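Worksheet: the structure to be examined is printed underneath.
Everything quoted here is computed from the prediction, not taken from an experiment.
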Amino acid sequence: GVCWIELGEKMAKTSHQDCLQEYEARALMDIPKSFSGSLSWRRSNNKNFLTTEFVPIDARDDFGGTLAGAVVQIEYKRPKRIKDSEKLLMTLHQLDKGIKRRAYQLEAADESRISSRSPDGNIYGCHEHIGQAVYKVQPLYPIAELSSWFPVFCGKVNLDFTGKLPEYSV
């Protein structure tokens, strides 16, 4: 299997170790998770991106332990001069020997822009990745509207989020 990831504005094929297999991804997505902390943005390595991440609680654990190896990451790419370069990425990763492997990702992006590729061709705008598989998603909300998109993400990955999302004033 081949996994597509983005490098800047270019697409690149990478080996499948960057993504879980679809069945592995769905198994991780199905585990009940929770998080109640407050999140804040920090600048990413790419200066146009803001990022935040957290380790969810395993909701099956009566002692409130974290879900081993799972990381939720939210990234927002601010629009620069090009109005449609804005994007919002919400990702559930599985850490494997220190490498983040994507289990699920929801991306909100401009519908006029190629945002991913699938075996069937280019995907424009909003889409989701379940392991190695990629599917088109309808543009439900404005790209930057994290407070609307994040509950969609939480529903997909069985995450009960009662925390505070980051504000955009960075």
Side-chain angles (χ1 to χ4, degrees), residues 1-35 39 41-46 48-59 66-77 85-110 113-141 143-144 146 149-161 163 165-166:
V2 170
C3 177
W4 295 96
I5 63 163
E6 297 187 39
L7 300 174
E9 294 298 300
K10 300 269 190 284
M11 300 292 164
K13 245 195 257 191
T14 64
S15 59
H16 58 80
Q17 73 252 20
D18 296 290
C19 297
L20 297 176
Q21 297 285 346
E22 188 171 1
Y23 75 91
E24 294 173 303
R26 288 187 185 279
L28 181 61
M29 290 165 67
D30 285 346
I31 296 170
K33 303 162 210 52
S34 66
F35 188 77
L39 300 175
W41 294 117
R42 61 181 172 73
R43 289 204 183 281
S44 176
N45 296 339
N46 177 333
N48 294 337
F49 276 85
L50 298 174
T51 186
T52 188
E53 64 182 46
F54 62 90
V55 175
I57 299 298
D58 185 340
T66 56
L67 184 56
V71 178
V72 172
Q73 182 176 29
I74 305 169
E75 297 168 285
Y76 174 66
K77 182 183 181 218
S85 65
E86 178 181 41
K87 68 174 70 171
L88 179 63
L89 301 159
M90 294 147 284
T91 311
L92 172 63
H93 296 284
Q94 177 73 54
L95 281 176
D96 181 23
K97 299 180 186 77
I99 296 167
K100 278 184 183 170
R101 296 178 67 200
R102 181 175 64 197
Y104 178 78
Q105 183 176 71
L106 177 61
E107 177 174 332
D110 190 281
R113 249 180 131 79
I114 296 172
S115 56
S116 192
R117 288 185 169 73
S118 76
D120 303 324
N122 294 338
I123 292 181
Y124 288 81
C126 302
H127 63 276
E128 65 183 354
H129 297 267
I130 301 174
Q132 297 172 353
V134 59
Y135 302 99
K136 176 70 182 133
V137 170
Q138 292 311 305
L140 302 169
Y141 308 105
I143 294 166
L146 179 60
W149 280 108
F150 197 63
V152 175
F153 172 83
C154 290
K156 295 281 190 165
V157 300
N158 202 4
L159 172 62
D160 177 20
F161 183 85
L165 289 171

Original post:
Is a side-chain N or O of Lys33 found less than 3.5 angstrom from the main chain of Ile31, in a donor-acceptor match?
Top reply: yes
Original post:
OH/Tyr23 to CD1/Ile130 distance, rounded to the nearest 0.5 angstrom?
Top reply: 15.5 Å
**OP:** For the residue pair Thr51 and Arg42, establish whether any side-chain heavy-atom pair is separated by less than 4.5 Å.
**Re:** yes
**OP:** Decide yes or no for Leu67 and Leu28: does some side-chain heavy atom of the first lie under 4.5 Å from some side-chain heavy atom of the second?
**Re:** yes
Original post:
Considering all heavy atoms of both residues, which atom of Cys126 and which atom of Lys136 are nearest to each other, and what is their separation?
Top reply: O-NZ, 3.1 Å
Original post:
Can you tell me if Lys87 uses its side chain to pair, donor with acceptor, with the backbone of Tyr76 under 3.5 Å?
Top reply: no
Original post:
With respect to Gln132, which candidate in Glu22, Gln21, Glu24 satisfies the side chain to side chain contact (heavy atoms under 4.5 Å, CB included) definition?
Top reply: Gln21
Original post:
Heavy atoms, side chains only, cut-off 4.5 Å: are Phe161 and Val72 in contact?
Top reply: no
Original post:
Which atoms form the tightest heavy-atom contact between Pro166 and Thr52, and what is the distance?
Top reply: CG-CG2, 4.0 Å
Original post:
Does a side-chain heavy-atom distance below 4.5 Å link Met90 with Leu146?
Top reply: yes
**OP:** Could you point out which residue of Arg102, Gln73, Lys100, Arg101 forms a side chain to side chain donor-acceptor pair (under 3.5 Å) with His93?
**Re:** Gln73
Subject >> Sub-4.5 Å side-chain heavy-atom contact between Ile74 and Leu50 >> reply: no
Subject >> Straight-line distance of Leu165 CG to Trp41 CH2, nearest 0.5 Å >> reply: 8.0 Å
Subject >> Whether Phe153 and Phe150 hold their rings parallel, tilted or perpendicular, with breakpoints at 30° and 60° >> reply: parallel
Subject >> Which atom of Ser116 lies closest to which atom of His129, heavy atoms considered >> reply: OG-CE1, 3.4 Å
Original post:
Between CG of Asp18 and CD1 of Ile99, what distance do you get to the nearest 0.5 Å?
Top reply: 8.0 Å
Original post:
When rounded to the nearest 0.5 angstrom, what distance separates OG in Ser115 from NE2 in His127?
Top reply: 4.5 Å
Subject >> Asn48 side chain to Lys77 backbone, donor-acceptor under 3.5 Å >> reply: no
Original post:
Out of curiosity, Ile143 CD1 to Trp149 CH2, how far, rounded to the nearest 0.5 Å?
Top reply: 8.5 Å
**OP:** Would you give the length of the straight line joining atom CZ of Phe54 to atom CG of Leu159, rounded to the nearest 0.5 angstrom?
**Re:** 5.0 Å
**OP:** Give the minimum heavy-atom separation between Leu92 and Ala70, together with the two atoms involved.
**Re:** CD1-CB, 4.3 Å
Original post:
Can you check side chain to side chain contact (heavy atoms under 4.5 Å, CB included) on Leu89 and Gln105, steps first, answer last?
Top reply: CA-CA 7 Å; Leu89 301 159; Gln105 183 176 71; 3.9 Å; yes
